[in-house]
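Here's the structure we're looking at; comments come further down.
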Amino acid sequence: MALRATIILRKNSPPFPSLFTISTPSLAHHLLHHFSRPPPLRDPAHLQTLASALTPDAVEAVLRDLQSWRSAHEFFLWVSLQPGFRHSCYTYNAMASILSRVRQPSLLRSLLHEILSRKCPMTPGALGFLIRCVGSQGLVDEAEFLFDHAEELSCVPNLYTYNCLIEVLAKVGRVRMVELRFREMKNPDKYSFTAMLQAYCNAGMLDHVWRVFKELHGRGWVDEHVFTILVVAFCRWGKVDKVFELVEAMEGLGMRLNVKTFRVLVHGFAKQGSVEKAVEMFKKMKLAGFDGDLRLYSVLIEGFCAAKAVENGLALYREMKNSGICPDNRLMKMMISSLCGAGDMANANSLLEEEGDKASLASLVSLYNTILDGMIRFGDVERAHLLLRSMMANRNSLVAQKDGDECESREFEGAVSESLFRIKKSVLPNDESFSIVLCGLCEGDKLDKALVLFDDMISNACKGNLLMHNNLINKLCSVGRLEESYNMLNKMRELGFVPTEFTNNSIFYCLCKRGDSSTAIDLLKEMRHQGHVPWIKYCTLMVQQLSKQGKVDEACSFLEEMVQIGFLPDMIAYSAAIDGMCRIGEMDKALKVFRDVSSSCYLPDVVAHNIVINGFCKAGRLADAEAILNEMIDKGIVPSTVTYNLMIDGWCKAGRMDKALACLSKMNDESEPPSVATYTSLIDGFCSVGRTEDALQLWNEMQEKGCLPNKIAYSALVYGLCKCGRADVALSYFHEMKERKFEADASLCILMVNCLLLKRNLVSATEFLKQVRPMVESITTDSKDYRLMRKAVYELSKDVISLDKKTPLIQSVSGVKEDNYN
DNA sequence: TTAGGGTTAG
C-alpha cells in the first residue's frame with residue numbers, strides 16, 4: 001500500500017508545494033477532506049491536481065471512510081470521470097458493498113452493468129464478494145448472470161465463488177438451482193453443504209434437511225452456524241420441541257446460540273402463541289449471559305396478554321422494571337388495555353400511578369383513553385362513562401381556578417369513586433376520549449345517554465371523530481329516529497366531517513325500512529353524485545316493505561328508478577318484487593317482470609323460479625307451475641327441495657295425490673332429500689282425501705328417514721285425523737306432541753275438543769277445554785275458532801261437568817241456544 | 001366498522 005504518486009502542481013497554488021510525491025494515505029486524506037463537505041466548499045483546482053494522482057487503493061480507502069453513502073457515490077462517479085483512471089474490481093466492490101448496506105438495489109444494478117460493460121477483470125474472490133452484495137439486495141437473477149459471465153471478467157470461479165452463489169440462491173429458496181450448482185462443484189466443502197442445508201430449510205424440505213445434516217455431521221462439520229440454521233427453521237415451522245432438543249444438543253457439545261438467534265427464537269415463539277416456551281428460551285438466553293431489552297420483554301408480555309394470561313404478563317413487567325428497563329408508551333397501553341379488558345382495574349390504576357408522572361400530557365391522555373377503551377371491552381361502559389365524566393370535571397375545575405394558583409400540581413380523587421381511577425388534574429378528555437365512550441354507549445344500546453354526552457362534548461369544545469358520528473347516525477337510523485339522524489348529519493358537517501358511504505347507507509336503511517321510496521330515490525341520486533354505492537340488501541328491504549303495504553307497483557317503480565340513476569338492483573331484489581306480485585295474485589305481471597329481468601340482465605336462480613312456481617301453485621295454476629319447473633330443468637338449473645315441496649303441496653291441495661307421490665319419488669331419484677315440509681304437505685293431502693292410513697304410513701316413513709316432525713307436522717297430522725273423525729288416534733299424537741314440548745295452538749285444541757265431543761269422550765274434552773282457557777283472550781269473536789269454541793262449551797254445558805265459569809268466553813257462551821251457533 | 005337480503009308445509 002505504500003504506493004506513491006508524482007503530482008505536478010500548477011504554479012501559484014499554495015499551500016501545496018509545486019512538485020512532490022504523495023503517499024496513498026495522504027492522497028486519500030485530501031480527497032476525503034473535499035468529499036466530506038458540500039461541493040461549493042471544495043477547491044476545484046486542488047481536486048484537479050489530486051485527480052491526476054488517483055490510484056485504486058486511494059479510491060478504495062476514501063470510499064471506505066466517507067461517512068455518507070451519497071458522498072461516497074458522488075465521489076465514485078467523480079472518480080469514474082477522471083481521465084486515465086480505471087476502476088479495479090476492489091473499487092467496484094467497495095462501492096457495491098456500500099450500496100448493498102444502504103439498500104440501493106437500483107444503483108447496484110447500474111454498477112453491475114458498468115462492471116460487465118467495461119469487462120473489469122475480477123479475481124474469483126472478488127467475484128464471490130460482489131455476488132454476495134448483489135444477492136443480499138434480492139438481485140438473485142443478476143447474481144446468477146454475473147456468475148455465468150465470469151469469463152468475460154477474466155475470472156474462473158473457484159469453490160469460494162460457487163459457495164457465494166449457492167448461499168444467495170439458498171436464501172431465497174431456489175432449491176433446484178442450488179442442487180444444480182452443487183453438482184457442478186468439484187469438491188464441495190463445509191460451506192457448500194451448509195448452503196444446501198439453508199436451501200432445504202428455506203424450502204421446508206424436512207427430509208432433505210436431515211440428510212444434509214447427517215452428511216455434515218459425518219464429516220465433523222457441524223458447528224454453531226449449522227445448528228442456528230436448523231433451530232431458526234424449526235422455530236419458523238412452529239416445531240417448538242425440536243428447537244429445544246437441538247439447543248440442548250448444542251449445550252451438550254459446548255456450543256451456544258448467539259444473541260441474535262436467541263432473540264429470533266423468543267420472538268418467534270411468542271408470536272406463534274407459545275409464550276411459555278418463549279419465556280423458557282428467554283431464561284436460557286439470560287443464563288447464556290445475554291440481557292433482555294424492552295423489545296424482548298414487550299413481545300413476551302404481549303404474548304401473555306394475547307393468551308389471556310395477563311397476570312403472567314404483569315409479573316414479567318415487574319421483572320423488567322426491576323431490571324431497570326422502563327416501559328414505553330406502547331407497552332404501557334398494551335398492559336393497561338389488557339388489565340382493563342380482564343377487569344383488573346386496580347392493577348391498571350397502579351400502573352398508571354407509577355408511570356403517569358413520567359408521561360407527557362399527550363401520552364397520559366392516551367393512557368386514559370386506553371383505560372376507557374379497556375373498560376368498554378370488559379363490558380363496563382357505564383364505568384367508562386363515569387371516568388370520562390370525571391375527566392371532564394377537571395376542565396370545569398380549571399376554569400373555576402383560572403385566576404387562582406392553577407400551577408399547583410395536586411391531584412384529586414376522581415369525581416366518581418366507583419371509577420376507581422385517580423384522575424390527574426392535568427388530564428382533560430380529547431376527541432378520542434369522547435369517541436371511545438360514545439361508540440361504547442351506542443354499542444351498548446344506550447343511545448340516549450350517548451346523545452346527552454354528545455351535547456356535553458360540544459360544550460367541552462371537542463368534536464369527536466368521524467367513526468363516532470357515523471355510529472351515532474347508524475344507531476339513530478337503526479331504531480327509526482330519522483329526524484334526529486338528519487340533525488346529527490348537519491352537526492357532523494358543521495364540525496367539518498364529510499359524510500361517508502356508511503353514513504349515507506345508514507340513512508338509506510332507515511328510509512327503506514319506512515318504505516319511503518321517493519326520499520330514498522333522492523338520497524340515491526346524491527350518493528351517485530358522491531360516488532357512494534348503496535348496500536344492495538336495503539333495496540330488497542324497500543321492496544319487501546312496500547309489498548307488505550300493498551304497494552307492489554311502487555316497489556317496481558323504485559327498482560326502475562334505481563336503474564335510471566345507475567344502480568342495478570340484483571336478482572334478489574327483483575325476486576322480492578316478483579314475490580310481492582304473486583302474493584296479491586298478479587301472476588301475469590309477475591311473470592312479465594320475471595321474463596324481462598331474465599332477458600335483460602340476470603339469469604334467474606332456483607329461488608326466483610321457486611317464487612314463480614309458488615305463485616302459480618297458490619293460484620291453482622298447476623300446469624303453469626309445472627311448465628316453469630320444466631323450463632328451469634331445461635335451462636340446467638337444478639330444482640331444490642323447496643321447488644319439489646311447492647309442487648307437491650300444489651298437487652296435494654288439488655287432491656292429486658298420484659302426482660304428488662310421483663314428485664316425491666323424483667326427489668328420491670334426484671337425491672334432493674324430502675324434508676319435514678314435504679311430508680307435512682303429503683300428510684295433509686292424504687287426510688284431506690280421507691286416506692288417514694296412508695298419512696300415518698308416511699308419518700312413520702318420515703321418521704325412519706331421520707326426518708323429525710316439528711310442530712307444524714304434528715298439527716297437520718292431528719288436524720287431519722280429527723277431520724277424519726279419528727279422535728283417539730289424534731289424541732295419542734296430540735299427547736306425543738306435547739311430550740316433545742311442542743305447544744299446540746288454540747285452533748288445534750278447539751278442534752280436538754269438538755272432535756272428542758263428537759266421540760262423546762266428555763272427560764278428555766273437558767280437559768282440553770281447560771287447556772284452551774289461557775289462550776281464550778287471543779281468539780277474536782268473529783273467528784271460526786270462536787264459533788267452534790262456543791259450540792264446544794254449549795255441548796259440554798248440557799252435561800253435568802264442572803266448568804270454570806269465570807272465563808269470560810265460557811260465561812258468554814253459557815246458556816246460548818244451540819240454533820244460535822249452528 | 002357492515003355480509004347477507006329473496007322461495008315451502010298445519
Side-chain angles (χ1 to χ4, degrees), chain A residues 435 439 442-443 465-471 473-475 478 500-503 505-506 508-509 512-513 533-545 547 555 559 569-583 590 594 597 602 604-618 625 628 632 639-653 660 663 667 672 674-685 687-688 695 698 702 707 709-723 733-734 737 742 744-748 751:
Chain A
S435 299
C439 289
C442 283
E443 197 69 15
N465 63 19
L466 177 67
L467 179 78
M468 183 207 85
H469 283 88
N470 273 350
N471 275 341
I473 290 175
N474 186 259
K475 252 319 180 247
S478 70
T500 64
E501 187 170 291
F502 183 95
T503 330
N505 269 304
S506 301
F508 184 50
Y509 164 79
C512 291
K513 191 85 210 252
V533 179
W535 296 340
I536 209 73
K537 72 170 175 181
Y538 296 155
C539 303
T540 308
L541 179 66
M542 173 71 90
V543 170
Q544 286 175 312
Q545 295 300 96
S547 297
L559 294 179
D570 63 4
M571 194 60 227
I572 298 182
Y574 280 114
S575 299
I578 294 168
D579 190 50
M581 290 173 219
C582 291
R583 283 178 199 279
F594 180 77
V597 174
Y602 297 111
D605 59 3
V606 196
V607 179
H609 283 88
N610 288 348
I611 287 169
V612 177
I613 289 174
N614 187 30
F616 278 130
C617 285
K618 296 291 183 295
I628 300 286
M632 74 188 277
S640 65
T641 297
V642 173
T643 318
Y644 287 117
N645 286 354
L646 291 167
M647 287 307 305
I648 287 173
D649 194 61
W651 291 123
C652 286
K653 296 242 166 31
C663 244
M667 285 177 95
E672 279 300 330
S675 64
V676 63
T678 322
Y679 287 106
T680 307
S681 291
L682 285 162
I683 286 161
D684 183 63
C687 291
S688 298
L698 267 178
M702 169 175 80
C707 191
N710 58 16
K711 180 182 145 179
I712 303 176
Y714 269 111
S715 304
L717 181 65
V718 173
Y719 187 91
L721 290 168
C722 283
K723 281 286 182 190
Y733 281 106
F734 190 93
M737 173 180 180
F742 295 120
D745 292 342
S747 321
L748 193 65
L751 186 73

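Within every chain, numbering begins at 1; the chains are lettered A, B, ... in the order of the sequence lines, protein sequences first and strands thereafter.
Contact annotation: R583(A) does not reach the phosphate of dG6(B) (side-chain N/O to OP1 or OP2, under 4.0 Å). In terms of phosphate contacts, K653(A) brings a side-chain nitrogen or oxygen within less than 4.0 Å of OP1 or OP2 of dG10(B).
Here dT8(B) is the nucleotide among dT8(B), dT1(B), dG10(B) with the atom lying nearest to any side-chain atom of K618(A). Taking every side-chain heavy atom of N471(A) into account, dT1(B) is the closest of dT1(B), dG5(B), dT7(B). Side-chain atoms of V607(A) lie closest to dT7(B) of the nucleotides dT1(B), dT8(B), dT7(B). Listed candidates were dG10(B), dG6(B), dG4(B). Nearest to the side chain of I611(A) is dG6(B). Residue F502(A) places its side chain closer to dT2(B) than to any other of dT2(B), dG6(B), dT7(B). Distance from the side chain of L646(A) is smallest to dT8(B) among dG5(B), dA9(B), dT8(B).
Taking only distance into account, the side chain of D570(A) meets the base of dG5(B) through a donor-acceptor pair shorter than 3.5 Å. Between the side chain of D605(A) and the base of dG6(B), a donor-acceptor pair under 3.5 Å is found. With hydrogens and angles left out, the side chain of S681(A) and the base of dA9(B) share no donor-acceptor pair within 3.5 Å. Looking at N505(A), its side chain has no donor and acceptor atom pair within 3.5 Å of the base of dT2(B).
Side-chain atoms of D745(A) do not come within 3.5 Å of backbone N or O of S747(A) as any donor-acceptor pair. Between the side chain of N645(A) and the main chain of A677(A), no donor-acceptor pair closer than 3.5 Å is present.
A608(A) comes within 4.0 angstrom of a nucleotide base, judged by non-hydrogen atoms across all strands. Using a 4.0 Å heavy-atom criterion, one finds that A716(A) contacts the sugar-phosphate atoms exclusively. Here I683(A) lies out of heavy-atom contact (under 4.0 Å) with every strand. Using a 4.0 Å heavy-atom cutoff across all strands shown, V676(A) reaches at least one base atom of the nucleic acid. Nucleic acid contact class of D745(A) (heavy atoms, under 4.0 Å, all strands): base.
One can place CG of N710(A) at 11 Å from P of dG10(B), the figure rounded to the nearest angstrom. Whole-Å rounding puts the E672(A) CD to dA9(B) P distance at 18 Å. Rounding to whole angstrom units, CE of residue M667(A) and C1' of dA9(B) are separated by 12 Å. Atom pair N614(A):CG and dT7(B):P shows a separation of 9 Å (rounding to whole Å applied). Going from atom CG of N610(A) over to atom P of dT7(B) covers 10 Å, rounded to whole Å. Look at CZ on F742(A): it is 18 Å from P on dA9(B), rounded to the nearest Å. Taking atom CE on M647(A) and atom C1' on dT7(B), their separation rounds to 14 Å, with Å as the unit. Here the P atom of nucleotide dG10(B) and the CG atom of N645(A) are 11 Å apart, to the nearest Å.
There is a side-chain donor-acceptor pair under 3.5 Å between T643(A) and S640(A). With no hydrogens or angles considered, a side-chain donor-acceptor pair links N470(A) and T500(A) at under 3.5 Å.
How far CD1 of I473(A) is from CG of N505(A): 12.5 Å, rounded to the nearest 0.5 Å.
Side chains of P604(A) and M571(A) form a contact here, defined as non-hydrogen atoms less than 4.5 Å apart.
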